[in-house]
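Contents: one structure, followed by commentary.
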Number of protein chains: 2
Amino acid sequence: MAPVSPPTRPALRARYERRRHEVVATAAQLFAERGYSETSIGDLTAATGLAAGGLYHYIGSKEALLLSICDELLEPLLPRAREIAAAPGPAERRLRELMHAWLEHIEAHLDHMLVFAQERHVLERDPQWAHLRRRRKEFEQILDELLARGEAEGTMSFPDRSMTLLALLGMVNYTPQWLRPAGRLSAAEIADHYCDLILA
Amino acid sequence: MAPVSPPTRPALRARYERRRHEVVATAAQLFAERGYSETSIGDLTAATGLAAGGLYHYIGSKEALLLSICDELLEPLLPRAREIAAAPGPAERRLRELMHAWLEHIEAHLDHMLVFAQERHVLERDPQWAHLRRRRKEFEQILDELLARGEAEGTMSFPDRSMTLLALLGMVNYTPQWLRPAGRLSAAEIADHYCDLILA
DNA sequence: TCTAATTTCGAGCGGGCGTTCGGATTTTCT
DNA sequence: AGAAAATCCGAACGCCCGCTCGAAATTAGA
């Protein structure tokens, strides 16, 4: 996750991080449309304007870059989910808020999401990815607990809660493949629709 | 799709196709768990027991092998879907039957499915994959028409049919990531649950 | 049994890829 | 201005991978 040589002088950290963030975003875009393995370092240097050496100043390695993309995606989402789920109010309201936040996050990070989804098989095996596995698992647990609370409160009922959860995960994880920011449907509308589907 | 040198003598065709099918299945398994790019020809020779030359006798090239996996997956499903959708009876019954067939097909070809899903970004760009794009599109159209027929018959109603279709595709396409043949849920149960969700 | 077709072998080739590294350039701070 | 830190360059390296090819082994059919 950490790049090779971040500047020690604090005044330069900001510029460094900004530039690094640009590089990661550019890479996410390329990876999303061509695939990680099908994108070469040459493609990356062409897209960023940096030469190989300059690029490695920021990314450390190609695989670390991939990890950075997924980190940038999951890191802010999980605390937000915790926060929303822990807030007061009925489970259904909590769920709808969480779905909104989730889908807005997806809409704002389509490329990152597509890359993350693409690398599922790496996620499940490589020990370097263990912390991401944990994060994803906790996120799914938060969702599941919300559904369970809804059942306990009597406002939701599912024939099979765990299957409903999987269906929900499926819908949402598929969304980046067709969602377009300029498209007909907003993230909020989609979130509401998905909620209606499983709560009906 | 066609390998390099299929035998001309018809008596040998059967054995050749059988062996070839074995190779494709083995490859699908490896690709599904490690990823296409992360699986080397060396891995393939080790898993099949064939040496490099022998392997290429059946696969033609690594990319052609990937295409074969996806072909074997989609080729039988589409005609079956056409048949089911065209059969007489109310739309809801047609849809349920199609979902059953679909999920049983997934259950029977988990590896192929995972590989196909993994290569989404290739599917959408490479001209070599055009016929697979067409097949998938037609399959989705069949589904959409079934939903539309349900609405016309008055037995289904959706706030937004195209979004419901996308939700359904999401659920089903995600299924191979958790479905296990020895698991708690059968393909039939899952299909019914999914139908219930969108028809509620 | 003899021949031709088929299947298999495996060393080796050519190329592309990720990465390195020494130095040049630019920037920051005193 | 001067020194130290940070940024960037790009040629070059070594490795690994997909693939080839001529020959050997096996099998089918007469």
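Quick note on labels: first sequence line is chain A, next is B, and so on, each numbered from 1.
Between B:H109 and B:H105, the two ring planes are tilted [angle within 30° to 60°].
As rounded to whole Å, 16 Å separates atom C1' of D:dA6 from atom CG of A:L55. Between the CG atom of B:L65 and the P atom of D:dC19 there is a distance of 10 Å, rounded to whole Å. For the pair A:L50 CG and C:dT26 C1', the computed distance is 14 Å after rounding to whole Å. The separation between A:E63 atom CD and C:dG18 atom P is 12 Å, rounded to whole Å. Remark: P of D:dT26 and OH of B:Y16 are 20 Å apart, rounded to the nearest angstrom. Taking atom NE2 on A:H57 and atom C1' on C:dT25, their separation rounds to 13 Å, with Å as the unit. Rounded to whole angstrom, the span from the CZ atom of A:R15 across to the C1' atom of C:dT28 amounts to 9 Å. Going from atom NZ of B:K62 over to atom C1' of C:dG16 covers 14 Å, rounded to whole Å.
A distance of 6.0 Å or more separates the ring centres of A:Y36 and B:H121. Between B:H112 and B:F31, the ring center distance fails the sub-6.0 Å criterion.
Take the nearest nucleotide of DNA chain C for B:A52 and for A:T39: the residue whose nucleotide is more 5' is B:A52. Positionally, the nearest nucleotide of DNA chain D for B:G42 lies more toward the 5' end than for the other of B:G42 and B:G54.
Because its NZ or CZ atom is not both nearer than 6.0 Å to the ring centre of B:Y56 and within 45° of the ring axis, B:K62 does not count as a cation-pi partner of that residue.
Among the nucleotides D:dC9, C:dG18, C:dG10, the one closest to the side chain of A:Y56 is C:dG18. Out of C:dT19, D:dC9, C:dC9, the shortest distance to the side chain of B:A51 is found at C:dC9.
Look at A:R19 and you won't find any side-chain N or O under 4.0 angstrom from OP1 or OP2 of D:dA6.
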